[in-house]
Peer 1: 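Would you mind keeping the following structure in view while I ask a few things?
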Amino acid sequence: MTDKIDRPLATVILAISADGKIADAVRSPARFGSAKDKAHLEQQVAASDAVLFGNGTLQAYGTTMRVISPELLKQRELQGKPPQPVQIVCSRSSQFDPNLRFFQQPVPRWLLTGQDSRETALPSPVPTKDSKFDRTSGTILKNGQDARSTRDARSTRDEISCGTGILPVNQSLIENSKFDRTSGTILNNGQDARSTRDARSTRDDRSTRDELSCGTGILPVHKKLIENGATSQFDRIIYAKTVGGEIDWIDAFQQLESFGIKRLAILGGGKLVASVLAAGLVDELWLTVCPLILGGADAPTPVEGEGFLADLAPKLELLAVKQVGQEVFLHYRVDRTN
């Protein structure tokens with residue numbers, strides 16, 4: 001079924017201990033891979049259009065893997081790709097610690113969340129000089145209050161559009177435009193959609209601003225948002241359908257493909273990998289077996305969740321085995337023949 005839909009090719013890339021753990025029992029950042037493993041991960045990231053990981057993985061590491069190798073950067077340039085793949089955080093919450101280095105890294109950042117979050121959550125604010133992040137509640141406080149509650153109700157529409165970076169796309173642009181992956185621009189009849197707007201709309205600054213947002217999906221940050229510390233940290237928010245309170249991964253993957261994501265690298269954690277694997281959307285796995293034993297019943301594994309019965313477990317085809325130093329690199333393809 002999943003082979004008949006338009007979706008990205010998804011590859012899971014993980015380093016594991018010899019006993020199959022991706023972190024220790026207290027979920028410390030897994031930095032036990034060698035420099036060779038890190039270079040291997042960078043190669044896989046460079047070959048991808050986007051990287052997907054869970055909020056727990058983001059909180060553990062605080063950063064993401066960027067492409068920094070000159071050779072890999074040149075390779076992406078020759079392929080007509082931007083220097084960095086999109087970094088996609090999967091989270092049902094819109095609350096993040098804005099002090100994480102991830103939010104200062106020069107990478108495009110998207111948030112993938114459930115459609116129900118559109119109704120229950122507001123864009124996550126960033127701190128200003130008079131605000132701070134409360135780790136206990138996961139809320140940014142301004143003068144002791146939730147920063148989101150300090151917004152001026154009269155500018156709610158403007159703040160939401162600027163906060164998420166996305167407004168519903170103008171129907172005329174949908175019918176007459178397409179997204180150019182090389183320039184990152186929406187084209188209308190071969191030209192930048194922003195330059196083809198009806199000149200009559202320039203008479204009204206408000207309609208001009210709204211039309212710009214529909215043309216590009218992104219608005220300049222509203223000045224009041226900066227003052228109130230409520231600007232979003234993500235360039236795009238994708239709202240996927242939900243089933244039983246969980247993300248519908250088929251819908252999520254179809255949306256990613258519609259945004260030009262053809263190759264997707266999945267970096268964990270185990271719950272995210274389990275849910276995507278259960279949806280039949282994982283195509284390949286790269287596992288680096290590292291020479292240590294972590295143990296621990298509570299230590300996370302590459303695939304968590306409820307697990308699979310042996311008769312129904314996804315079967316793998318071994319494509320390659322390579323030993324580099326004390327590590328073993330395993331490359332698998334998910335077998336869909338049965």
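Just so you know, these numbers use all the heavy atoms, side chains as well, and skip hydrogens, waters and symmetry mates.
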Peer 1: Please check if the side chain of Arg76 supplies one atom and the backbone of Lys81 the other of a donor-acceptor pair under 3.5 Å.
Peer 2: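 Not a single qualifying donor-acceptor pair exists.
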Peer 1: Hey, could you give me the CD1/CD1 distance between Ile88 and Ile237, rounded to the nearest 0.5 Å?
Peer 2: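 That separation rounds to 13.0 Å.
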Peer 1: If we ignore hydrogens and angles and just use 3.5 Å, is the side chain of Ser34 paired with the main-chain N or O of Asp37 as donor and acceptor?
Peer 2: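 Yes; at least one donor-acceptor contact below 3.5 Å.
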Peer 1: Any non-hydrogen side-chain atom of Ile250 less than 4.5 Å from a side-chain atom of Lys241?
Peer 2: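 No; the side chains remain at least 4.5 Å from each other.
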Peer 1: Answer yes or no on whether Arg109 is positioned over the face of Phe103, meaning its NZ or CZ is under 6.0 Å from the six-membered ring centre and within 45° of the axis.
Peer 2: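 That pair does not qualify as a cation-pi contact.
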Peer 1: Taking the side chain as everything from C-beta on, heavy atoms only, tell me whether Pro106 gets closer than 4.5 Å to Gln84.
Peer 2: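 Not touching, per the 4.5 Å side-chain cut-off.
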Peer 1: I want to check something: taking the side chain as every heavy atom from C-beta on, are Thr64 and Leu58 in contact at a cut-off of under 4.5 Å?
Peer 2: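 Not in contact.
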Peer 1: Which heavy-atom pair separates Val282 from Arg336 by the least distance, and what is that distance?
Peer 2: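 Taking every non-hydrogen atom into account, O-NH2, 2.6 Å.
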Peer 1: Partners of Leu318 by side-chain contact (heavy atoms from CB on, under 4.5 Å), sequence neighbours excluded?
Peer 2: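 If we apply the side-chain contact (heavy atoms from CB on, under 4.5 Å) test to Leu318, skipping adjacent residues, the hits are Val321, Tyr332.
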Peer 1: Measuring from atom CG of Leu264 to atom NZ of Lys262, what distance do you get when rounded to the nearest 0.5 angstrom?
Peer 2: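 Interatomic distance, Leu264 CG to Lys262 NZ, rounded to 0.5 Å: 12.5 Å.
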Peer 1: Rounded to the nearest 0.5 Å, what separation is found between the CE atom of Met65 and the CD atom of Glu42?
Peer 2: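 So the gap between those two atoms works out to 6.0 Å.
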Peer 1: Look only at the side chain of Asp19 and the backbone of Leu294, and say whether a donor-acceptor pair between them is shorter than 3.5 Å.
Peer 2: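 Here the side-chain-to-backbone pair exists.
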Peer 1: Check whether any side-chain heavy atom of Pro291 lies under 4.5 Å from a side-chain heavy atom of Glu327, and answer yes or no.
Peer 2: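 Counting from C-beta outward, Pro291 and Glu327 do come under 4.5 Å.
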Peer 1: Around atom NZ of Lys36, are there more than 12 heavy atoms of other residues, nucleotides or ligands at under 6.0 Å?
Peer 2: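 No, not enclosed.
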Peer 1: List the residues meeting side chain to side chain donor-acceptor pair (under 3.5 Å) with Gln44, not counting sequence neighbours, and say none if there are none.
Peer 2: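 With neighbours one apart ignored, the set is empty.
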Peer 1: Between Ser275 and Trp249, is there a side-chain donor-acceptor contact under 3.5 Å, judged purely by atom types and distance?
Peer 2: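 Side chains of Trp249 and Ser275: pair found under 3.5 Å.
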Peer 1: Would you call Glu317-Arg333 a salt bridge at under 4.0 Å N-O?
Peer 2: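 Yes, Glu317 and Arg333 are salt-bridged.
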Peer 1: Does Glu71 come within less than 4.0 Å of Lys74, counting only side-chain N to carboxylate O?
Peer 2: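 Looking at Glu71 and Lys74, the cut-off is not met.
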Peer 1: Kindly check if the number of other-residue, nucleotide or ligand heavy atoms within 6.0 Å of CD (Glu306) is above 12?
Peer 2: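 For Glu306, atom CD is not crowded (no more than 12 foreign heavy atoms under 6.0 Å).
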Peer 1: May I ask you to test the Val303-Phe308 pair for a side-chain heavy-atom distance under 4.5 Å?
Peer 2: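 Yes; the side chains approach each other to less than 4.5 Å.
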Peer 1: Salt bridge check, Asp283 against Arg263: does any charged N sit closer than 4.0 Å to a carboxylate O?
Peer 2: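 Looking at Arg263 and Asp283, the cut-off is not met.
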